Amino acid sequence: SLSSRLQNVFSKLKGKGKVSDADVNEAMREVRLALLEADVNFKVVKDFIAKVKEQAIGQEVEKSFTPGMVIINIVNKELTELMGGTQSKLAKANKPPTVIMMVGLQGAGKTTTSGKLAKLLQKSNHKPLLVACDIYRPAAIKQLQVLGEQINAPVFSLGDQASPVEIAKQGLQHAKENHNDYVIIDTAGRLHIDEALMDELKQIHQLVKPDEVLLVVDSMTGQDAVNVAQSFHEQLELTGVVLTKLDGDTRGGAALSVKAVTGQPIKFAAMGEKIDSLEPFYPDRMASRILGMGDMLSLIEKAQMNIDADKAAEMERKMRTAEFTFDDFLEQMAQVRNLGPIDQLMDMLPGMGKVKGLKDMKIDEKQIGRVEAIVRSMTKEEKTKPEILNHSRRKRVAAGSGTSVAEVNRLIKQFDDMRKMMKQFSSMMGPKGLKGGKK
Ligand code: GDP
Ligand code: MG
C-alpha cells in the first residue's frame with residue numbers, strides 16, 4: 001500500500017545523522033513512484049515532489065540532528081496542503097433551511113451518504129429532511145426511506161411518478177413548513193455522465209439554489225474519480241466532495257488528487273457501510289494516516305463522541321507526552337472496546353501496523369481478559385515503572401494472574417513497543433505535540 005511504501009522510504013532516512021542531497025533525491029524518487037502507483041494524478045505528483053525537494057535540499061535539513069524526521073515533516077506538511085490544508089466546513093444558509101444537493105455517479109454512495117450525513121447533523125442537534133429525487137433506480141426511494149427510519153429522520157418522497165424537479169421543490173417547501181433546518185437532496189446517478197442527467201441536475205440546482213453541492217466519489221475508482229469530479233464541476237459548480245469507501249482497498253490516489261485537480265475541498269470521508277461511518281475530512285489527519293503515523297486525532301474525536309470527554313482529553317495528553325503506564329494501557333483497551341470495530345480503530349493508532357502482536361492480541365476478547373488479569377497483578381510501582389519488572393517479579397505476576405511467564409513477557413514487550421512508538425511519534429510532531437502541529 002501507499003502507507004507501507006512511504007514508511008519504507010522513510011525508515012531508511014530516519015536513523016541517519018546526516019542526509020546528503022543524493023539521499024534526498026533517492027527518497028524523492030521512491031516517493032514519486034509510490035504516489036504514481038497509488039494512482040495519484042501525474043501532474044499533481046510532479047508539483048508535489050518539486051515542492052518537497054525545494055525544502056528538503058535546504059539548510060534546515062543539514063543543520064538538524066534528525067534530518068530524516070525533518071523530511072518526513074516536510075512531506076507530511078505538503079501532503080496536508082495537497083488535500084486542502086485545513087478542514088472545510090459545511091456551508092450554512094443565512095436563513096434556514098440549508099440545502100445540500102448530493103450528486104455523483106451510480107453506486108458512488110449518494111443515498112447511503114445522504115443517510116449518514118443526516119445522522120451526523122442530528123448528532124449536533126439539527127433536524128434534517130431527506131428528499132428522494134432518484135426516481136430511476138429501482139428501490140432507490142425505499143433505500144432512502146429505510147435509512148431514514150433507521151435514524152428517525154423524515155424522508156420526503158412523491159413516489160417515482162413525479163419529476164425530480166417537482167419533488168425537490170415540494171421537498172423544500174415541506175422542510176420550511178416543518179422547521180427542518182437542513183434539506184439533503186438525494187439525486188439519481190448514471191454509470192457515466194450523460195446529458196439528460198446533467199440537465200435534470202441543473203434544473204434542480206436552479207430551483208432549489210443549494211448552499212452545498214456535494215459530489216460523492218468512490219475512492220476506489222482512483223484517477224477516474226478525479227476525472228468525474230472535473231466534469232461534474234464544469235456543469236454544476238460543486239462546493240465540495242465526499243470520498244466514500246475509504247475503508248476498502250483504495251490506493252489513496254483520489255484523496256490526494258481531487259482537491260488539486262478540481263479545486264474543491266473534500267468535506268467528508270465515509271469509511272464503511274454503517275450509518276455512523278461518515279466523518280469530517282481532516283487533511284492533516286489523512287496525511288499522517290498515509291504516512292503511517294496513525295490517526296490519533298480521529299480516534300480521540302471518536303472517543304470523545306462515545307466516551308467520557310475528560311477521560312479522552314487525558315488519554316490524548318498522555319499519548320502526546322508518551323507518559324503511558326500499564327493502567328493507561330488497560331484503560332485504553334477498555335475504552336477502545338466500547339468504540340466498536342476494533343480493527344478499524346487499531347489502524348488509527350500510531351505505529352500499530354508495526355506492533356504486530358498487539359493488534360492480534362486486542363482483537364481476541366478472551367486475551368483481553370488475560371491481559372487485564374496480568375496488569376491487575378502488578379503493584380502500583382510496577383504499573384508505572386515497567387522497567388523494574390525483573391524475572392522474579394514477572395514470575396509473581398504470572399502466578400497471581402493465572403497466566404505464564406511467557407505471556408507476561410509478551411505483554412511487557414508489546415507495551416514497551418507501544419511506548420516507544422508513542423515517544424517517537426511525539427518527538428516527530430515536535431515539542432508542542434499534535435495540537436501544535438494542527439492548523
Ligand atoms: P448511489 O447509487 O450513489 O446512491 O450509491 P449507494 O448509496 O446506493 O451505495 C452503493 C453501494 O456502496 C452500497 O452497497 C453501499 O452500501 C456501498 N457504500 C457506500 N458508501 C460506502 C463506504 O463508505 N464503504 C463501503 N464499504 N461501502 C459503501
Ligand atoms: Mg442512490
Side-chain angles (χ1 to χ4, degrees), residues 1 100-120 128 130-151 153 155-160 164 167-168 171 183-194 196-198 200-201 204 212-222 224-225 228-229 231-232 236 238 240-255 258 266-282 285-286 289 295 298 302 340-341 343-345 347-348:
S1 72
I100 304 167
M101 192 172 160
M102 310 292 281
V103 301
L105 293 186
Q106 187 173 316
K110 289 179 298 300
T111 306
T112 317
T113 306
S114 298
K116 290 175 181 175
L117 187 55
K119 167 98 195 237
L120 209 57
L130 291 159
V131 179
C133 283
D134 182 358
I135 57 167
Y136 308 104
R137 198 176 186 182
I141 297 171
K142 183 82 196 149
Q143 186 190 356
L144 196 64
Q145 282 166 341
V146 168
L147 286 166
E149 256 165 50
Q150 211 179 321
I151 58 173
V155 176
F156 183 86
S157 151
L158 293 176
D160 58 8
I167 300 169
V183 178
I184 302 171
I185 302 177
D186 180 32
T187 67
R190 301 282 151 85
L191 289 173
H192 303 282
I193 293 176
D194 73 42
L197 174 71
M198 281 299 170
E200 179 183 305
L201 294 177
I204 297 178
E212 286 278 3
V213 184
L214 296 181
L215 178 70
V216 180
V217 165
D218 179 343
S219 61
M220 309 274 284
T221 52
D224 278 349
V228 166
S231 358
F232 264 95
L236 275 174
L238 303 174
V241 174
V242 181
L243 278 184
T244 62
K245 310 186 194 180
L246 279 170
D247 51 312
D249 189 19
T250 164
R251 287 180 289 168
V258 93
I266 301 166
K267 294 201 170 171
F268 296 96
M271 359 229 169
E273 302 208 48
K274 293 224 184 82
I275 194 96
D276 50 11
S277 60
L278 185 74
E279 296 173 6
F281 182 83
Y282 294 93
R285 298 181 196 178
M286 187 68 185
R289 186 121 117 204
D295 194 345
S298 272
K302 219 171 189 167
D343 280 344
Q344 198 186 327
L345 284 161
D347 284 341
M348 291 182 186

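Both counts, for ligands and for their atoms, begin at 1 and track the order of listing. Numbers for residues simply follow the sequence, beginning at 1. None of the values given here were measured: they were computed from a predicted structure.
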Heavy atom of the protein closest to atom 6 (P) of ligand 1 (residue, atom name, distance): T112 OG1, 3.4 Å
T244 N/O under 3.5 Å from ligand 1 N/O: no
E273 N/O to ligand 1 N/O under 3.5 Å: yes
Contact flag T111/the Mg ion (ligand 2), N/O/S atoms, threshold under 2.8 Å: yes
Pairwise distance OG1(T111) to CG(D186) - rounded to 0.5 angstrom: 3.5 Å
N or O contact, T113 vs ligand 1, cut-off under 3.5 Å: no
Heavy-atom donor-acceptor pair, K110 side chain to G104 backbone, under 3.5 Å: yes
Result of checking D247, L278, L243 against M271 for side-chain contact (heavy atoms from CB on, under 4.5 Å): D247
Steps toward side chain to side chain contact (heavy atoms under 4.5 Å, CB included) verdict (F232, L105): CA-CA 10 Å; F232 264 95; L105 293 186; 4.2 Å; yes
Mode of K274 contact toward ligand 1 - side chain, backbone, both, neither (heavy atoms, under 4.0 Å): neither
Partner of V103 under side-chain contact (heavy atoms from CB on, under 4.5 Å), chosen from L201, V216, L214: L201
Per-atom contacts of ligand 1 with M271, taking only distances under 4.0 Å to non-hydrogen atoms: 23 (O)
Separation between NZ of K116 and OG of S277, rounded to the nearest 0.5 Å: 3.5 Å
Nearest non-hydrogen protein atom, atom 26 (N) of ligand 1: D247 OD2, 2.8 Å
Exam field: side chain T244 to backbone G109, donor-acceptor pair closer than 3.5 Å: no
Where ligand 1 meets Q106 - atom numbers and elements under 4.0 angstrom, heavy-atom basis: 2 (O)
Q143 and ligand 1 - part of the residue with a heavy-atom distance under 4.0 Å: side chain
Protein heavy-atom partner closest to atom 18 (N) of ligand 1 - residue, atom, separation in Å: K245 CE, 3.8 Å
Residue-ligand contact G104/ligand 1, heavy atom below 4.0 Å: no
Heavy atom of the protein closest to atom 5 (O) of ligand 1 (residue, atom name, distance): G109 N, 3.0 Å
Atoms in ligand 1 flagged as close to K110, the criterion being non-hydrogen separation under 4.0 Å: 1 (P), 2 (O), 3 (O), 4 (O), 5 (O), 7 (O)
Nearest-contact summary for atom 20 (N) of ligand 1 - protein heavy atom, Å: K116 NZ, 3.8 Å
Interatomic distance, Q106 atom CD to L191 atom CG [nearest 0.5 angstrom]: 4.5 Å
Structural part of L105 in contact with ligand 1, heavy atom criterion under 4.0 angstrom: backbone
Ligand 1 contact on T111 by region, counting heavy-atom pairs under 4.0 Å: both
Under 3.5 Å: N/O of G107 near N/O of ligand 1: yes
Shortest protein contact, atom 22 (C) of ligand 1 (heavy atom only): G272 O, 3.2 Å
Value rounded to 0.5 Å, distance of OG1 in T187 from CD1 in I204: 6.5 Å
Side-chain ion pair, D218 and K245, N-O less than 4.0 Å: yes
Side chain to side chain contact (heavy atoms under 4.5 Å, CB included) between F268 and L117, worked out: CA-CA 9 Å; F268 296 96; L117 187 55; 3.7 Å; yes
Closest non-hydrogen atom pair, A225 against A254: CB-CB, 4.3 Å
Inter-residue atom distance L144.CG - K142.NZ, 0.5 Å rounding: 11.0 Å
Atom 2 (O) of ligand 1 [closest protein heavy-atom partner, distance rounded to 0.1 Å]: R137 NH1, 2.5 Å
V216 near ligand 1 by a heavy-atom separation under 4.0 Å: no
